[in-house]
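Reminder, nothing fancy here: chain letters follow the sequence lines and each chain counts from 1. Just so it is clear, the values below take in all heavy atoms, side chains as well, and ignore hydrogens, waters and symmetry mates.
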Amino acid sequence: MSSARRNGNDDRVFVRNGRRPYRRSYSVAEVRWGAVVLVFLALVFFWVAWKGGHPDPKLFTTGIDPLRPGSAAVRGPLGGSLAPAGWTEGAVSEYDTSNVYEKIDGREDYYRAYGFERLFFLTLTSDIDIAKTIDIELFDLSTAANALGAYAGERPGGITPEISSSGMAHVARNALFLTRGKYYARVIGSDESPQVLDALARLRTSLEGAIEGEPLPWAYALFSGRLGIDPGKVTFLLGNAFSFDFARYVYTATVDDDGGRLFVSAARDEDSALTLAARFNAGFLEYGKGEAVRDGVEWVRDRYIGRLAACTAAGPWVIGMKGAVDLERGAEELARLRSAVALLPGETHRLALEERRADESRRGARAEGVEDGEGNLFPGEGGETERGGTDER
Amino acid sequence: MSGDRKRVHSPAGRKDADTADAARHRFEERRAFLKRAGVAAVLAAGSTWPALAPPGWIFSLRDPDGKRGAPKEKTFRLPEGGFIVEKPATAADLGVARGTDIRAMIRSAVDGIGGIAHYIRKGDIVVVKPNVAFERPALLGATTNPEVLAELIRLVKEAGASEVRVADNPIETPENCFARSGIREAALAAGAKVYLPSPADFQVLNVPGAALIEKWPFFRRPFKDAAKVIGVAPVKDHNLCGASMTTKNWYGLLGGRRNQFHQKIDTIIADLALMLRPTFVLLDGTRVLFRSGPTGGSLSDVRPGRTVVAAVDSLAADAFGWEDLLRRDPGRLPRYFAETAKRGLGNPNWRETVIRETRIG
């Protein structure tokens, strides 16, 4: 036995008998605080248990009542009920870029290429025959140019759309297609019975009343207003025009039955337009060889399809012709376009740039412009940085 | 020892004894301390070893990327060699039937590749996979023609199949897709069972050699005990891969976030050909969605094809569909044809194959 133990002087370094508490009693204050902690823990336990048994109902709601027509919150531009007499609406469902594949997997990339934002979907069912249905697919494509571009891309050749000041529309057998401002609607009947076609006609009126329109983009004034080309033959290509990755925001207009197309795009200034036109020409030369120079413009014959193409700058505009069957006709069309562009007021150019910038900004494409290595919001035009200046916009 | 006694009885000796006792006590305490500290250190090291030892070391439980701790999904494989039944040597590679009598066309097309009795045995459980991807009426050509499906089911049952299961995992709501396409009603009327997918029906399928879906959720339930598998797919334009026909049709058996595969659509289609080797396929060219696919919508995008094609080689059937039914340039076949052929999973040169074509009605 050590002297420390013999003397009753407790060794506080080690507790010799681990099963015995070091202290045999606790103070009243300690007991009280212990009780308080235990009560608190018990309360936490019961609170967790109660919350588990009574979850917040909002956790289980999707915002859509499947038994009723969509609420105003999810009807978006559809407004009030669209169902014509004799038809009943189902619920409205809404899709955005994160889940649109759940509705149109395999096709969604087409609409993404035209600035897809949201899709509103609604089915109408006939009260007389439930096999007769009409699906309304309303795409928000962020700009009128995109909506018209997507519409033109899906419109079969040979169909002439009906044109209003704020959009286009046509009926193809069982289906109605229309644009209204930034919206593109596909209204698809289950068949082409009189009952369905009658409902389509009434739905067109309802949709045109419900969705606010906006004037057609500037290029329609150029191609249709000044050159007299059918507006239905004007197309907008948001990106990858003619399979050139630098070619964006290009409007085209078909000018002949052979598919020859004039095109125009707004560059930020004359220098940029020259740079961009040179890139178009270089692109054409990758697929063919120069055949002639007319009015200072080199025409390139495509070695695969045998057609001619040319591009040049006209002030801050880039203009061109693609798919011309013969040089004379192509040069004549390009000269017409050059003259028409020369008469465009400066305000049109400003509008074109604004339209483009707004879309780039919204889509986060500014970063893509940087990534193209040119520090340039307008890929393909070159940039002030290339010419040693600033790239301020 | 006497000297010790002396020291005990003298004050100085007692003091010396106390000093020695204290020294001995300190020595004992130090030894006990070191012993216990050693034990504690060993225990501490032992207990932290599993967590701190590098992965792969003995007793190591270290899991820096969380993969070791992730739940291990049970995988399965489809039968080795798939569900293939070699066609008779004298049979054609493509059985093509044209006309308007769907019942006769299907029988004639299948007869062309050796007849249904060659492929289906009495008592077989047969899975039939139509394309029910979208909630569209059949007239619009985005889904398999229900009449074609029904006649195929009847033919298989006549051959002695004990059970025919119709299954697909549509893109849109399964109940709505099966109802509006007319597939559900046609399948039930013809005597088949309809399998709509639910989350519990999927299990991870192991496809050795697949580039993208080596392990991927697969709609397994209808395949339990199945002996034969038949695909029946429409002929459709496809926005991403050019055309969707019998090979792309197997996409409808995948679960999970399969849309991500659209980034590599040609590779996934080649993987699908590897994933499922069917007994035979039927290309439903009664309607052709030649534009605005794969969803379609307008009857203007659909033309009557009045053709069905039976084949063991789905790639050959698809190549036929591309040129003959979609009327597209055979020199510009979508890339998945080459990718699939490169893996030895089909022959896209359908003109090199033996074709038996009949016209009915």
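- Enclosure of atom CZ in A:R303 by more than 12 non-hydrogen atoms of other residues, nucleotides or ligands within 6.0 angstrom is indicated.
- Nearest heavy-atom pair, A:A175 versus B:G297, reported as atom, atom and distance to 0.1 Å: CB-O, 4.4 Å.
- Taken to the nearest 0.5 Å, the CD1 atom of A:I130 stands 11.0 Å off from the CZ atom of B:R180.
- Of the two parts of A:R186, only the side chain, counted from C-beta on, holds a non-hydrogen atom closer than 4.5 Å to a non-hydrogen atom of chain B.
- B:R306 CZ: 12 or fewer foreign heavy atoms inside a 6.0 Å radius.
- With values rounded to the nearest 0.5 angstrom, B:D237 atom CG is found 7.0 Å from A:R107 atom CZ.
- How far CZ of B:R257 is from CD of A:E102: 7.5 Å, rounded to the nearest 0.5 Å.
- Interatomic distance, B:L140 CG to A:I188 CD1, rounded to the nearest 0.5 Å: 7.0 Å.
- Residues B:L139 and A:E192 are not in side-chain contact: their nearest non-hydrogen atoms beyond the backbone lie 4.5 Å or more apart.
- By the 6.0 Å contact criterion, CG on A:D257 is open, its count of non-hydrogen atoms from other residues, nucleotides or ligands being 12 or less.
- Put simply, of B:P137, B:A133, B:S292, the one with the most heavy-atom pairs under 4.5 Å next to chain A is B:S292.
- Here the CG atom belonging to B:L240 is positioned 8.5 Å from the CG atom belonging to A:D105, to the nearest 0.5 angstrom.
- Using modelled atom types, no side-chain atom of B:N259 and backbone atom of A:G106 make a donor-acceptor pair closer than 3.5 Å.
- The CG atom of B:L299 sits 4.5 Å away from the CZ atom of A:R173 when rounded to the nearest 0.5 Å.
- With a 4.5 angstrom heavy-atom cutoff, B:R136 touches chain A only via side-chain atoms.
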